[in-house]
Amino acid sequence: MPANLVVGAQWGDEGKAKVIDVLSKDTDIIVRYQGGANAGHTVVVKGKKYVFHLIPSGIIYDNKICVIGNGVVLDPTYFLEEVASIEKEGFDVRGKTFISDSAHLLLPFHKMIDASIEDGSDSETKIGTTKKGIGICYADKMMRTGLRVGDLLFPETARNKLKTIIQNKNREMDILYGLPGLNEAEVWDQLMTFYDLWKNRIINTSFYLNEELKEGKRVLLEGAQGTGLDVDFGTYPYVTSSNPTTGGALIGSGVGYHFLKKVIGISKAYITRVGEGPFPTELFGDEGSRLRELGGEYGATTGRPRRCGWFDVEMLKHAIRVNGMNAVALTKIDVLSDYESIPVAIGYELDGKKINYFPSQGLERVKPIYKEFPGWKSDITGINDFKKLPKNCQDYINVLRELIGVPVHMISTGPDRDHTIILAG
Ligand code: IMP
């Protein structure tokens, strides 16, 4: 049976969790494959809001298995807090979740160093990270000095590894950042608290997933962040430190590529971004605030106000290209209902010349070419039949469909699970 993938087409916060929630109904296993507690996935069911950071949002279904893949960086302390808060809502987490033995452990010094670099940066060098330690942990992974979840299965060796890691990190923190050192025994105790509760759920998730797929199970790969934040295909260096894109989904889950069937790109009907970095269609001042308030655009993880701007066709085409997206879900279309007319960036000019791609250099110099589309000026919240949308709204979606050249399979008209139009298979 197939694995389907949900991947963000913009700078994260596209409403992936809502789409994942809708698709989870027809899925057996939901897998997070990259990122860490920097993500904030919001799902609304019957008016009640749930926010997930590390645990796949499919956990709110009774009969689904959730997997934290090898590509995730797992902060064990944060993870336990999140599990506790979800279990308080009455959901079983431990009985339904597996953790990859190859996922890297994100430890307190990762967060301390991330925050210290961010706080010490000037406007030229600041990335605007979530300060969750993500980049520092992935750097250790690439340096081959990280500790993995599976190391804990051999406590004696893991403790020795941790001793060396803490020794080196304490020196680095002192010399480079003027930060106090960490007590190795305290960090070990935190790890053991996590291990005692979760040791029976740590497995080789790549093996598990491929076996389940062979047996006919349906798998949904859940991306965090988005293509614009991909360390290779995003707006480097203003990116996260993982690959949310399709290649990263295969690497971060260990699912064989031949199982992958649908790659569904999630795009808001406009664009938002948190943190620093270029954003060609960004709106400033009152215009930006208006869209932010209409869309309730505040970060689910950090509460930061999101930067807002108009839909950008070149950006979506870039995402379609690098991910091999064969379907798009358009979210938050209801947020545009208040506008008399809606500008869409249908192309780019760079240094006075038209270009037909999303440039990897010089995006800050790009001037969007806009076309205005008539608004519909009526509340469409919750409509779940395309034909019931106002004519101008239907036309707007049809035009976007033509401009991006990929079918729109799902349209979200409000935050709730039921506020969804499904257009095709
Ligand atoms: P980091 O992932 O915390 O290192 O942050 C790097 C960049 O990615 C910053 O601009 C963050 O605001 C952004 N970012 C990280 N996670 C998310 C997310 O889930 N949604 C939106 N932006 C994110």
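These numbers come from the heavy atoms of this one structure, side chains and all, not from hydrogens, waters or symmetry mates.
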>> Donor-acceptor pair, distance only, cut-off 3.5 Å: does the side chain of Tyr50 make one with the backbone of Val45?
In response: no
> Is the backbone of Pro278 close enough, under 3.5 Å, to the side chain of Arg273 for a donor and an acceptor to pair up by distance?
Replying inline: yes
>> Are there over 12 heavy-atom neighbours, none belonging to Lys49, within less than 6.0 Å of that residue's NZ?
In response: no
> Can you check whether Phe52 reaches Ile60 side chain to side chain, under 4.5 Å on heavy atoms?
Replying inline: yes
> Distance-only, no hydrogens or angles: does the Asp151 side chain make a donor-acceptor pair with backbone N or O of Leu147 under 3.5 Å?
Replying inline: no
> Any idea which heavy atoms bring Glu276 and Arg307 closest together, and the distance?
Replying inline: C-NH1, 3.5 Å
>> Asn323 vs Thr227, test: side chain to side chain donor-acceptor pair (under 3.5 Å). Steps then yes/no.
In response: CA-CA 8 Å; Asn323 289 289; Thr227 307; 3.0 Å; yes
> Can you tell me if Ser337 and Trp376 form a side-chain donor-acceptor pair at under 3.5 Å?
Replying inline: yes
>> Under 3.5 Å, is there a donor on one side chain and an acceptor on the other for Ser412 and Lys18?
In response: yes
> Which residue, Ile65, Ile20, Ile68, Ile29, forms the side chain to side chain contact (heavy atoms under 4.5 Å, CB included) with Pro56?
Replying inline: Ile68
>> Per the salt bridge (Lys or Arg N to Asp or Glu O under 4.0 Å) rule, what does the pair list look like for residues 395-420, sequence neighbours excluded?
In response: Asp21-Arg417, Lys46-Asp418, Lys391-Asp395
> Can you tell me if CZ on Phe207 sees more than 12 non-hydrogen neighbours from other groups inside 6.0 Å?
Replying inline: no
> How far apart are the closest heavy atoms of Ile380 and Pro390, and which atoms are they?
Replying inline: CG2-CD, 3.4 Å
>> Can you confirm whether Asp26 is buried at CG, in the sense that more than 12 heavy atoms of other residues, nucleotides or ligands lie under 6.0 Å from that atom?
In response: yes
>> When you compare the side chains of Asp114 and Thr129, does any donor N or O come within less than 3.5 Å of an acceptor on the partner?
In response: yes
> Please walk me through it: do Asp140 and His104 pass side chain to side chain donor-acceptor pair (under 3.5 Å)?
Replying inline: CA-CA 9 Å; Asp140 282 349; His104 274 250; over 6 Å; no
> Which is it for Ile117 and Tyr177 under the side chain to side chain contact (heavy atoms under 4.5 Å, CB included) test, yes or no, and what are the steps along the way?
Replying inline: CA-CA 8 Å; Ile117 294 175; Tyr177 308 107; 3.6 Å; yes
> When you check the side-chain N and O atoms of Asp312 and Tyr348, is any donor under 3.5 Å from an acceptor?
Replying inline: yes
> Strictly by modelled atom types, are Gln225 and Asn38 linked by a side-chain donor-acceptor pair under 3.5 Å?
Replying inline: yes
> Do side-chain atoms of Arg32 reach the backbone of Cys66 as a donor and acceptor pair under 3.5 angstrom?
Replying inline: no
> Centre of Tyr61's six-membered ring, under 6.0 Å away, within 45 degrees of the axis: is that where NZ or CZ of Lys64 sits?
Replying inline: yes
> For the residue pair Ala345 and Thr281, what are the closest heavy atoms and their distance?
Replying inline: CB-CG2, 3.5 Å
> Does the side chain of Ser242 reach to within under 4.5 Å of the side chain of Tyr138, using non-hydrogen atoms?
Replying inline: yes
>> If you compare all heavy atoms of Pro343 against all heavy atoms of Glu372, which two are closest, and at what distance to 0.1 Å?
In response: CG-OE2, 3.6 Å
> Would you say Arg218's side chain and Ala3's backbone share a donor-acceptor pair under 3.5 angstrom?
Replying inline: no
>> Tell me whether Asp13 is salt-bridged to Lys268, with the criterion being a basic N under 4.0 Å from an acidic carboxylate O.
In response: no
>> Does Asp196 have more than 12 heavy atoms from other residues, nucleotides or ligands lying within 6.0 Å of its CG?
In response: yes
> Would you say the side-chain atoms of Glu340 pair up with the backbone N or O of Pro374, donor to acceptor, closer than 3.5 Å?
Replying inline: no
>> Centroid separation under 6.0 Å, is that true for the rings of Phe79 and Trp198?
In response: yes
> Can you find a side-chain donor-acceptor pair between Asn243 and Asp230 that sits under 3.5 Å?
Replying inline: yes
>> Looking at every heavy atom in both Ile30 and Gly58, which two are closest together, and how far apart are they?
In response: CD1-CA, 3.7 Å
> Phe386 ring centre to Lys388 NZ or CZ under 6.0 Å, with the angle to the axis within 45°?
Replying inline: no
>> The test is ring-ring contact (aromatic ring centres under 6.0 Å, His included); show your working for Tyr238 and Trp11 and say whether it passes.
In response: CA-CA 10 Å; Tyr238 303 102; Trp11 281 291; over 10 Å; no
> Looking just at side-chain N and O atoms, do Asn384 and His419 make a donor-acceptor pair shorter than 3.5 Å?
Replying inline: no
Which side-chain N or O atoms in residues 249-258 pair as donor and acceptor under 3.5 Å with protein atoms at least two apart or in another chain?
unit_1: Ser253; atom_1: OG; unit_2: Ala249; atom_2: O; d: 2.6
unit_1: Ser253; atom_1: OG; unit_2: Val255; atom_2: N; d: 3.1

Donor-acceptor contacts, no H, no angles, side chain residues 351-360, under 3.5 Å, sequence neighbours left out:
unit_1: Asp351; atom_1: OD1; unit_2: Arg365; atom_2: NE; d: 2.9
unit_1: Asp351; atom_1: OD2; unit_2: Arg365; atom_2: NE; d: 3.4
unit_1: Asp351; atom_1: OD2; unit_2: Arg365; atom_2: NH2; d: 3.0

> Between Tyr298 and Glu293, does a side chain to side chain donor-acceptor pair (under 3.5 Å) hold up when you go through it step by step?
Replying inline: CA-CA 9 Å; Tyr298 292 87; Glu293 294 314 316; 2.5 Å; yes
>> Between Glu211 and Lys214, does any side-chain N to carboxylate O distance fall below 4.0 Å?
In response: yes
> So, the side chain of Thr272 versus the backbone of Cys308: is there a donor-acceptor pair under 3.5 Å, distance only?
Replying inline: no
> How about Ser267 and Gln10: does a side-chain donor come under 3.5 Å of a side-chain acceptor?
Replying inline: yes
> Under the side chain to side chain contact (heavy atoms under 4.5 Å, CB included) criterion, do Val187 and Leu162 qualify, and how do the steps go?
Replying inline: CA-CA 9 Å; Val187 178; Leu162 182 71; 4.1 Å; yes
> Should Lys332 and Glu297 count as an ion pair when the cut-off is N to O under 4.0 Å?
Replying inline: yes
> So Lys377 and Tyr339, side chain to side chain contact (heavy atoms under 4.5 Å, CB included) or not? Walk me through it.
Replying inline: CA-CA 6 Å; Lys377 292 292 284 176; Tyr339 287 93; over 6 Å; no
>> Ignoring hydrogens and geometry beyond distance, is a side-chain donor-acceptor pair present between Ser289 and Asp286 at under 3.5 Å?
In response: no
> Can you check side chain to side chain donor-acceptor pair (under 3.5 Å) on Thr302 and Lys131, steps first, answer last?
Replying inline: CA-CA 9 Å; Thr302 58; Lys131 301 185 189 174; over 6 Å; no
> Is the backbone of Lys387 close enough, under 3.5 Å, to the side chain of Gln394 for a donor and an acceptor to pair up by distance?
Replying inline: yes
> At their closest point, which heavy atom of Leu23 faces which heavy atom of Leu220, and how far apart are they?
Replying inline: CB-CD2, 3.9 Å
> Where do Val219 and Asn4 land on the side chain to side chain contact (heavy atoms under 4.5 Å, CB included) test, with the steps shown first?
Replying inline: CA-CA 6 Å; Val219 170; Asn4 293 326; over 6 Å; no
> Is any side-chain N of the basic residue among Lys217 and Glu215 closer than 4.0 Å to the acidic one's carboxylate O?
Replying inline: no
>> Check this for me, if you would: do Glu118 and Lys126 make a salt bridge, where the nitrogen-to-carboxylate-oxygen distance has to be below 4.0 angstrom?
In response: yes
>> Test your reading of the model: is there a side-chain donor-acceptor pair from Thr97 to the backbone of Val93, 3.5 Å cut-off?
In response: yes
